[in-house]
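In what follows, a single structure is set out as structure tokens and then discussed.
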There are 2 protein chains.
Amino acid sequence: MTDSQPPAGAGAESVPPLDPAQLGTYFVLMEAVSLLQHQVEQQLRAEGGISYVQFQLLARLAHGDGPLTMTGLADGVVYSRSGLTYQAGLLEKSGLITRDPSPDDDRATLVSVTDDGRALVDRVLPGHVQVVRSLLFDPLAGDDVRHLGDVMTRVRDHMRAQPPRSAASRRRRPAP
Amino acid sequence: MTDSQPPAGAGAESVPPLDPAQLGTYFVLMEAVSLLQHQVEQQLRAEGGISYVQFQLLARLAHGDGPLTMTGLADGVVYSRSGLTYQAGLLEKSGLITRDPSPDDDRATLVSVTDDGRALVDRVLPGHVQVVRSLLFDPLAGDDVRHLGDVMTRVRDHMRAQPPRSAASRRRRPAP
DNA sequence: TATTGTTATACTCTATAACTATA
DNA sequence: TATAGTTATAGAGTATAACAATA
């Protein structure tokens with residue numbers, strides 16, 4: 001945020017580059033989380049036969065108060081309606097969730113975890129926690145954890161506040 | 001959520017749960033980065049027709065000193081050999097990289113960026129930087145950025161130092 | 001024997017568009 | 001007209017195993 005240099009190569013000169021600290025932080029953040037994601041996926045697949053997306057959906061239902069609508073469940077986990085329908089279909093087929101019509105809104109579907117679903121989360125969680133602890137928290141001090149949580153919460157909230165670029169926006173039809 | 005309870009359902013009682021701060025930090029980290037990844041993918045796809053993986057490969061070659069072997073290029077970006085061959089095939093078909101036999105090691109392939117590849121990186125970078133800045137760095141102070149970079153560097157290095165669970169390890173053949 | 005890279009194949013996942021039904 | 005959800009379908013990506021060639 002000090003002085004801005006013009007970009008070196010081609011491109012819009014209206015966009016100042018990131019300073020080196022920012023660029024490095026961005027790349028290492030993406031790299032570290034990518035590695036973490038990969039290991040976590042391995043653990044979940046090996047011990048529970050589920051993906052991280054499915055784990056998130058189950059965990060959200062298992063730790064929440066009650067059933068969620070499909071839309072409520074999708075929030076932040078899946079970026080298209082059909083994607084959630086697909087995942088919910090798999091989970092339902094495996095007997096981990098149920099889908100029932102909502103009494104309040106006849107358009108909506110209420111999703112609930114089954115006992116099997118809860119059991120699966122419980123079965124997978126210890127190993128999951130172990131992986132996360134040994135990979136993510138092992139090299140961090142308590143202060144680091146708090147600060148990381150604080151920082152990423154701000155980032156998350158900031159992104160959530162932004163109008164999503166392509167979430168609910170319907171595409172305008174070009175003239176046929 | 002104050003005192004730690006023993007795991008309710010099935011599972012290993014030898015694995016203590018994460019404390020709430022750790023669990024929250026883990027989830028918000030994954031969520032925020034997932035949102036960021038998604039937006040970044042959109043930008044790269046829209047402005048350059050490439051995925052983030054492809055962008056990483058090109059950027060690594062464009063900012064590095066010279067050609068890399070396939071194995072060197074894969075490092076941390078792709079988790080299977082065939083995955084890299086696939087991506088390299090796409091990039092080569094698009095004229096963004098070239099693959100040539102290595103003079104040093106006749107088994108190896110040396111990958112280089114073409115001028116088109118560099119041009120693409122240059123063309124895409126301003127928008128990329130803009131997205132990253134507005135989504136990730138906007139809500140952060142300079143100290144936050146440094147600390148985040150420091151923390152994630154430690155995490156990355158720690159994960160790299162761990163013996164990878166399934167990277168180069170050959171599967172042992174079960175008795176036939 | 002170990003390593004580098006490719007191929008074939010199967011599978012998972014995602015997203016777009018069209019559709020139904022309800023608010 | 002807008003929203004909730006499903007379906008069909010197509011495309012991108014990944015991983016495993018088998019393979020060839022070189023170290």
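Since this is a predicted model, take the numbers as computed values, not measurements. Every chain is numbered from 1, with letters handed out A, B, ... down the list of sequences.
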Hey, does Thr71(A) reach any base, or is it just sugar-phosphate, or nothing, if we go heavy atoms under 4.0 Å?
sugar-phosphate

Looking at every strand, decide which applies to Leu110(B) at a 4.0 Å heavy-atom threshold: base, sugar-phosphate, or nothing.
nothing

Take Gln43(A) and Gln130(A) through the side chain to side chain contact (heavy atoms under 4.5 Å, CB included) test and state the conclusion after the steps.
CA-CA 10 Å; Gln43(A) 183 268 327; Gln130(A) 209 165 26; over 6 Å; no

Leu23(B)-Phe55(A) co-clustered via ILVMFWY side chain contacts under 4.5 Å
yes

Can you tell which of dT6(D), dT22(C), dT4(C) lies closest to the side chain of Thr109(A)?
dT6(D)

If you only use heavy atoms from C-beta on, which nucleotide in dT6(C), dA15(C), dG5(D) is closest to the side chain of Tyr79(A)?
dA15(C)

Parallel, tilted or perpendicular, as decided by the 30° and 60° cut-offs, for the rings of Tyr26(A) and Tyr52(B)
perpendicular

Rounded to whole Å, the CG-C1' distance (Leu57(A) to dT12(C)) equals 15 Å

Residue-phosphate contact under 4.0 Å: Ser51(B) side-chain N/O, dG13(D) OP1/OP2:
yes

Let me know the distance between CD of Gln87(A) and P of dC11(C), rounded to the nearest Å.
17 Å

List in chain and number order the residues that pass side-chain contact (heavy atoms from CB on, under 4.5 Å) with Thr153(A), two or more places apart in sequence or in another chain; answer none if no residue qualifies.
Arg156(A), Asp157(A), Val28(B)

Counting any heavy atom closer than 4.0 Å, what does Leu84(B) reach on the DNA or RNA strands: base, sugar-phosphate only, or nothing?
nothing

Base, sugar-phosphate, or nothing for Glu41(B), non-hydrogen atoms under 4.0 angstrom?
nothing

If you only use heavy atoms from C-beta on, which nucleotide in dT16(D), dA2(D), dG13(D) is closest to the side chain of Leu90(B)?
dG13(D)

N/O (side chain, Gln54(B)) to phosphate O (OP1/OP2, dG13(D)) under 4.0 Å:
yes

Can a side chain N or O of Arg81(A) be found less than 4.0 Å away from OP1 or OP2 on dA4(D)?
yes

Is Thr69(A) touching bases, backbone alone, or none of the nucleic acid, heavy atoms closer than 4.0 Å?
sugar-phosphate

Between Arg45(B) and dG13(D), is there a contact of a side-chain N or O with OP1 or OP2 at under 4.0 Å?
yes

To the nearest angstrom, the CD-P distance between Gln42(B) and dA12(D) comes to 15 Å

